[in-house]
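For the numbers below, each heavy atom of this structure counts, side chains included, while hydrogens, waters and symmetry mates do not. Numbering of ligands and ligand atoms starts at 1, following listing order.
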Amino acid sequence: MTGRVYLSAPDVGPVEERYLLDAIRSGWVAPLGPSVDAFEREVAERAGVAHAVAVNSGTAALHLALLGVAVGPDDVVAVPTLTFVATANAVVYTGAEPVFVDCDPVTGNVDAELLADLLVRLRGEGRRVGAVVTVDLFGRCADYASILPLCADHGVPVVEDAAEAFGATYRGAAAGSFGRAAVLSFNGNKIMTTSGGGMLLTGDARLASHARYLASQARQPVAHYEHTDVGYNYRLSNVLAALGRAQLRRLDEMIERRRQLRDRYAKLLAGASGVRILGDGDDGANCWLTSIVVDPDTAGWSVGQLAAHLAGRDIETRPVWKPMHLQPAFAGARAVLTGAAARLFETGLTLPSGSALTAEQVDRVFIAIEDFLRGSR
Ligand SMILES: *Cc1c(COP(=O)(O)O)cnc(C)c1O
């Protein structure tokens with residue numbers, strides 16, 4: 001055994017080194033510069049959207065996207081309960097109230113029927129729904145065939161949180177191309193990284209330029225520092241954009257490695273009763289993270305037992321996101337629930353999924369799981 005096996009470590013090497021060195025040698029260490037512009041163009045093209053605004057986190061991109069669709073105080077915003085906390089936090093930053101919606105038990109993505117019921121109910125109460133935020137959980141797109149027409153009927157803008165899904169597709173369209181605005185994250189554990197960063201994507205030129213303005217301290221285009229609005233310091237630095245451009249060149253190769261891992265997990269666990277891959281069968285997934293769901297009564301073991309076994313061999317695993325309605329920070333928040341997300345939290349486990357895993361590390365993981373399955377029979 002050599003070293004810890006991480007869930008999803010950054011995958012960087014000589015290409016990234018070269019791009020970073022070039023950015024430094026070009027003299028563009030001051031925040032904005034040509035790599036930011038090029039990175040925005042290249043990501044926009046990859047996602048098939050007209051405009052991209054590079055920012056310093058996915059969370060910042062979410063905040064700007066919500067402001068861009070005019071979410072504000074007194075609004076409610078529908079948010080999947082099964083997500084990373086940033087999705088809900090960004091809603092709170094705007095002064096709006098998040099309402100959490102439970103998930104489909106098979107995919108983990110928002111339950112579109114539950115969302116439909118909620119929108120009708122909120123309309124009946126006379127509440128203004130500022131936005132519906134969708135999350136493409138673990139790199140699998142939400143049910144846009146249901147959600148987009150539903151939200152259009154209600155006149156509610158969709159903000160797509162594609163933080164986990166860059167490179168994924170849904171019926172031929174790229175993650176990040178759904179809704180009025182979408183966001184990507186380039187945090188260190190995501191499918192590609194700028195060490196920290198994010199991107200706002202939109203087809204709306206005015207939304208993009210206003211977001212760019214707000215992200216740069218709402219500075220007016222004059223020589224002295226003139227501000228008529230309160231802005232934010234959200235822009236991505238040129239050096240980090242260079243890292244992003246190198247990662248983007250390798251995105252397909254990194255997705256392919258993660259996909260091979262998922263397929264190998266699926267094969268290994270195909271014979272194990274009571275075990276399934278969360279959201280299995282989605283060919284458009286970017287396979288950012290592979291999670292299994294275990295029914296302990298059928299399997300004869302629980303995910304907690306497998307996690308402990310792997311931890312004993314220095315292999316990192318993690319539960320599926322703890323739902324927002326169970327988080328102390330959102331205690332008392334309104335939620336429409338079926339119990340599906342809470343069950344996935346209890347019975348789901350995310351396995352090492354990173355593209356930087358070496359063949360030796362992958363073998364170690366698979367041998368450890370095989371040993372566990374043998375021992376638990
Ligand atoms: C990672 C993530 C974010 C936030 O991205 P940061 O770049 O870490 O700010 C938002 N939403 C989801 C679903 C995420 O997984």
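Every atom of ligand 1 is numbered from 1 in the order shown, and the set under 4.0 Å from a heavy atom of T87 is 11 (N), 13 (C). Taking every heavy atom of S185 and a limit of under 4.0 angstrom, the matching atoms of ligand 1 come to 1 (C), 5 (O), 6 (P), 7 (O), 8 (O). Counting atoms of ligand 1 from 1 in the listed order, those under 4.0 Å from a heavy atom of G197 are 7 (O). The contact set between ligand 1 and A86, taken as ligand atoms under 4.0 Å from a residue heavy atom, comprises 3 (C), 4 (C), 10 (C). Near A163, meaning under 4.0 Å from any of its heavy atoms, are these atoms of ligand 1: 2 (C), 3 (C), 10 (C), 11 (N), 12 (C), 14 (C). The N187 neighbourhood of ligand 1 comprises atoms 7 (O), 8 (O), with distances under 4.0 Å to a heavy atom of that residue.
Between T83 and ligand 1, no pair of N/O atoms sits closer than 3.5 Å. Close N/O approach between G58 and ligand 1 is found [any backbone or side-chain N/O within under 3.5 Å]. Polar contact check, W321 against ligand 1: no nitrogen or oxygen pair lies under 3.5 Å apart. Where the criterion is an N or O separation shorter than 3.5 Å, residue side chain and backbone included, D161 meets it with respect to ligand 1.
Taking the six-membered ring where the residue is Trp, F330 and F100 present perpendicular rings, their angle passing 60° and hence far from 30°.
Checked against E97 for a salt bridge (Lys or Arg N to Asp or Glu O under 4.0 Å), the options R127, R334, R128 give a single hit: R127.
Every heavy atom of A60 sits 4.0 Å or more from the atoms of ligand 1.
Separation of the F39 and F186 ring centroids falls under the 6.0 Å cut-off. F372 has its ring centre less than 6.0 Å from the ring centre of W301.
Between the N189 side chain and the S8 main chain, no donor and acceptor come within less than 3.5 Å of each other. Of the possible donor and acceptor atoms, one in the side chain of R258 sits under 3.5 Å from a partner among the backbone N and O of W288.
Y144 and D136 are linked by a side-chain donor-acceptor pair at a separation below 3.5 angstrom, with hydrogens and angles left out of the test. With no hydrogens or angles considered, no side-chain donor-acceptor pair links H51 and T202 at under 3.5 Å. Between the side chains of D161 and T87, at least one donor N or O sits under 3.5 Å from an acceptor N or O.
Considering only non-hydrogen protein atoms, atom 1 (C) of ligand 1 sits nearest to K190 NZ, 1.5 Å. The protein heavy-atom contact nearest to atom 13 (C) of ligand 1 is E164 OE2, 3.2 Å. For atom 9 (O) of ligand 1, the closest heavy atom belonging to the protein is T59 OG1, 2.5 Å.
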